[in-house]
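Below, all heavy atoms of this structure are taken into account, side chains as well, without hydrogens, waters or symmetry copies.
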Amino acid sequence: MIQANTVLEAWDKTLETKDFTHLEKYLSADFQVEDTTGEVDNLENTKSWCVAGGLRISNFKTIRENENYIVATHDVIQEGKPKSNVLVYAEQTNGKFIYWKIQRAFEA
């Protein structure tokens, strides 16, 4: 089981260093991420925006986690956008995340 803080810290390290190897080891080859609008991206597109820079996450709070899924929140700082908070629901199978859904809310 991958704990929420472990994968979120790896995600932030990827965003900080622009080195996808920090995060890649936790994601399956058929990984999908769904954003707030319902748009779904694959692993390759996830890698592209992670290594592009201009985004950081912090203040991780785990709501629930087990061997099948995590539910957590974190803050987002992104260049040119107001501060925001994200709710994450992510599913894992065989020690890798296969699906990651976010709901992002911006501060007014």
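The two residues Leu55 and Leu15 make their nearest non-hydrogen contact at O-CB, 3.3 Å. Here the closest heavy-atom approach between residue Lys96 and residue Lys25 is recorded as NZ-O, 3.0 Å. Of all heavy-atom pairs spanning Met1 and Glu67, the tightest one is SD-N, 3.5 Å. Considering all non-hydrogen atoms of both residues, Thr46 and Asn42 come closest at OG1-O, 2.8 Å.
Here CD1 of Ile77 is found 7.5 Å from OG of Ser84. Values are rounded to the nearest 0.5 Å. Remark: Gln92 CD to Ile70 CD1 distance equals 7.0 Å, nearest 0.5 Å.
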Test salt bridge (Lys or Arg N to Asp or Glu O under 4.0 Å) on Asp35 and Arg104 and set out the steps. CA-CA 8 Å; Asp35 69 15; Arg104 187 174 180 186; over 6 Å; no
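With hydrophobic clusters built from ILVMFWY side chains whose heavy atoms lie under 4.5 angstrom apart, Ile57 does not share a cluster with Val71. Put simply, Trp11 and Leu43 are part of the same group of oily side chains (I, L, V, M, F, W, Y) that touch within less than 4.5 Å, one to the next.
By the side chain to side chain donor-acceptor pair (under 3.5 Å) test, Thr62 pairs with no residue at all, sequence neighbours left out. Remark: Asn94 engages no residue in a side-chain contact (heavy atoms from CB on, under 4.5 Å) (not counting sequence neighbours). Checked against side-chain contact (heavy atoms from CB on, under 4.5 Å), Glu107 has the following partners two or more places apart in sequence or in another chain: Lys83.
Side-chain contact check for Phe97 versus Leu23: every heavy-atom pair is 4.5 Å or farther apart. Looking at heavy atoms from C-beta onward, His22 lies in side-chain contact with Thr17 at the 4.5 angstrom threshold. Put simply, the side chain of Glu34 reaches to within 4.5 Å of the side chain of Tyr99, judged on heavy atoms.
Ring geometry, His74 versus Phe60: the interplanar angle exceeds 60°, so the pair is classed perpendicular (tilted spans 30 to 60°).
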